[in-house]
2 protein chains.
Amino acid sequence: MPRAVDHEQRRFEIVAGLWQIVAEQGIEGVSLRTVAARAGVSMGRVQHYFGTKDALVIAGIDLLVKQAVVGYEATVGSPPRDRLLHLLLQQIPATEAGRIGVTVWYAYVAKAMTHAAVREILAEATRVGVEECTRHVQEADGLGEVEARARAIELLSLSDGLTLRVLIGDITADEAESSIRAYSSRLPGS
Amino acid sequence: MPRAVDHEQRRFEIVAGLWQIVAEQGIEGVSLRTVAARAGVSMGRVQHYFGTKDALVIAGIDLLVKQAVVGYEATVGSPPRDRLLHLLLQQIPATEAGRIGVTVWYAYVAKAMTHAAVREILAEATRVGVEECTRHVQEADGLGEVEARARAIELLSLSDGLTLRVLIGDITADEAESSIRAYSSRLPGS
DNA sequence: CCTGTTGCGATGCGACTGTATTGCTAACCT
DNA sequence: AGGTTAGCAATACAGTCGCATCGCAACAGG
């Protein structure tokens, strides 16, 4: 068994290049060659680790979701209200890195419209998001599950919509954040 | 001056083909050849009317916005609350045609992240949407302009976020609609 | 040392891309 | 009637695409 390299590390380097391309040029800009160049590796390497362009693209959203999950899991132990706010504010592009991440995210949302595998990954991720969010609303506000779920979807949708407007440049990240805080604190405990 | 054809009609036929391609395969699927084939015309014709691929793509979002404006202008004379609801519910994909339209819309939203001209058109359209929405909130609920504007952005963002979730398949169009109605009727008049 | 296998760079191929160019055809103006 | 010209179809072209293939180099186990 020759030449032991860190398989996961190699894959991450390439996916990082993919994210940069997506953020700069959209998914349209993704090709085996552009991603390889951006990651500073040869095209053969990209092929070796992902085989096909489609697999590379799917790995891009897969890893993005996994990173978001890791960020969320760092909040275990915090009070429900804080964890809820983390879920709602997490995607609002405050930093430049955050902006890149969420730009890539929405590129994939658009991709999901015409790509079943991507849609599946996104659907699963949002499903988990709604469930977690619902739990925190229940715990924080003492609502029943049905109302809590409706609230959760409302809150998450508001967050999504505001994020889009930040990305387009319609409002600032601060405005979006204060809008979410205002709305979520306006929630009555049933 | 020979061969008088309806210039606008020709352009519309081609853009209709473009929309179908975008809805089915995303903007990635757009090429002069695929659009021409979908519209049932020759590639030369597409070139003749739009010159460049970029111009064609821009015409696609331009016409989409114009059609939305026409739909909105059909509501003049209705009470503010109804016009507000039109703005909020308009994009939720109830019919198949509506789904195609809003799918195309969000494809362009993603495109806007990396394409300045598209971003400009979208930013202008959402700016007008916020203004109109603000006016109706003021008239319907008697709020001051600042609060009304915040409410307008909140409502429109909620609508955007719910629409995205409908497109991904997370919730149904009916659930989105009733969520918006519930939220907007929950609004106190200051 | 040797051998087997993994990692991957290089290259080739056919399909497809956007754009430029060419030239015919059908209608309007005189 | 005839010339002019808008409206296009057809084609050519250089570039890029995803993918397959080939071959070498580096290193672990014998």
Side-chain angles (χ1 to χ4, degrees), chain A residues 1-22 24-62 107-108 110-111 114-118, chain B residues 1-22 24-62 107-108 110-111 114-118:
Chain A
M1 220 181 263
R3 196 93 74 97
V5 302
D6 187 338
H7 203 80
E8 209 151 337
Q9 166 68 15
R10 292 277 203 240
R11 286 176 65 94
F12 180 81
E13 284 170 14
I14 295 170
V15 168
L18 167 74
W19 289 341
Q20 288 179 48
I21 294 286
V22 172
E24 287 165 14
Q25 318 179 36
I27 291 195
E28 280 185 86
V30 172
S31 83
L32 297 184
R33 284 165 239 262
T34 59
V35 169
R38 204 61 158 115
V41 303
S42 75
M43 192 183 112
R45 184 123 119 200
V46 176
Q47 273 191 284
H48 180 73
Y49 281 98
F50 296 95
T52 188
K53 178 189 176 180
D54 205 57
L56 172 63
V57 169
I58 290 175
I61 183 59
D62 213 48
Y108 274 104
K111 179 86 182 165
T114 57
H115 193 300
V118 171
Chain B
M1 218 186 269
R3 195 95 72 100
V5 302
D6 186 338
H7 202 79
E8 209 151 336
Q9 166 67 14
R10 292 278 203 238
R11 286 175 64 93
F12 180 81
E13 284 169 13
I14 294 169
V15 168
L18 168 74
W19 288 342
Q20 288 180 47
I21 293 288
V22 172
E24 287 165 13
Q25 318 180 35
I27 291 195
E28 281 186 86
V30 172
S31 84
L32 296 185
R33 284 164 242 260
T34 58
V35 169
R38 203 67 160 106
V41 303
S42 75
M43 193 183 109
R45 185 123 119 200
V46 176
Q47 271 191 288
H48 181 71
Y49 281 98
F50 296 95
T52 189
K53 178 190 175 179
D54 204 57
L56 172 62
V57 168
I58 290 175
I61 183 60
D62 213 48
Y108 274 105
K111 179 87 182 165
T114 57
H115 192 300
V118 170

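Just so it is clear, the model here is predicted, and its values are computed rather than measured. Every chain is numbered from 1 and lettered A, B, ... according to where its sequence line falls, protein lines coming before strand lines.
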Query raised in the report: According to the salt bridge (Lys or Arg N to Asp or Glu O under 4.0 Å) rule, which pairs have a member within residues 33-51 of chain A, sequence neighbours left out?
Result: A:Glu24-A:Arg38

Query - Whole-Å distance separating the CZ atom of A:Arg10 from the C1' atom of C:dT6 - result: 12 Å

Requested in this report: Check the distance between D:dG7's C1' and B:Gln9's CD and give it to me in whole angstrom.
Outcome: 16 Å

Query raised in the report: Does the ring centre of A:Tyr108 sit less than 6.0 Å away from the ring centre of A:His115?
Result: no

Query - Gap between atoms CZ and P, on A:Phe50 and D:dA20 respectively (whole Å) - result: 17 Å

**Report entry** B:His7 NE2 - D:dT5 P separation (whole Å)
**Finding:** 19 Å

Query raised in the report: Within the structure, does a side-chain N or O atom of B:Tyr49 lie under 4.0 Å from either OP1 or OP2 of D:dG7?
Result: no

Query raised in the report: Residues two or more places apart in sequence or in another chain: which of them pass side chain to side chain donor-acceptor pair (under 3.5 Å) with A:Gln47?
Result: none

Requested in this report: Whole angstrom is fine here: how far is it from CD in B:Glu28 over to P in C:dG18?
Outcome: 13 Å

Report task. Assign a letter to each nucleotide of nucleotides 11-18 of chain D from its 5' end: B, base within under 4.0 Å of a protein heavy atom; S, sugar-phosphate only; -, no contact. Result -> B-----BB

Report task. Let me know which of A:Leu32, A:Val57, A:Val15 forms a side chain to side chain contact (heavy atoms under 4.5 Å, CB included) with A:Phe50. Result -> A:Val15

Report task. Round to a whole Å and report the spacing from CZ of B:Arg11 to C1' of D:dC8. Result -> 16 Å

**Report entry** Interatomic distance, B:His48 NE2 vs C:dG18 C1' [rounded to whole Å]
**Finding:** 18 Å

Report task. Specify the separation, in whole Å, of atom CZ of B:Arg45 and atom P of C:dT25. Result -> 17 Å

**Report entry** Non-hydrogen atoms of A:Val22 and B:Thr114 that approach each other most closely
**Finding:** O-CG2, 4.2 Å

Query raised in the report: With respect to A:Glu13, which candidate in A:Gln9, A:Arg11, A:Arg10 satisfies the side chain to side chain donor-acceptor pair (under 3.5 Å) definition?
Result: A:Gln9

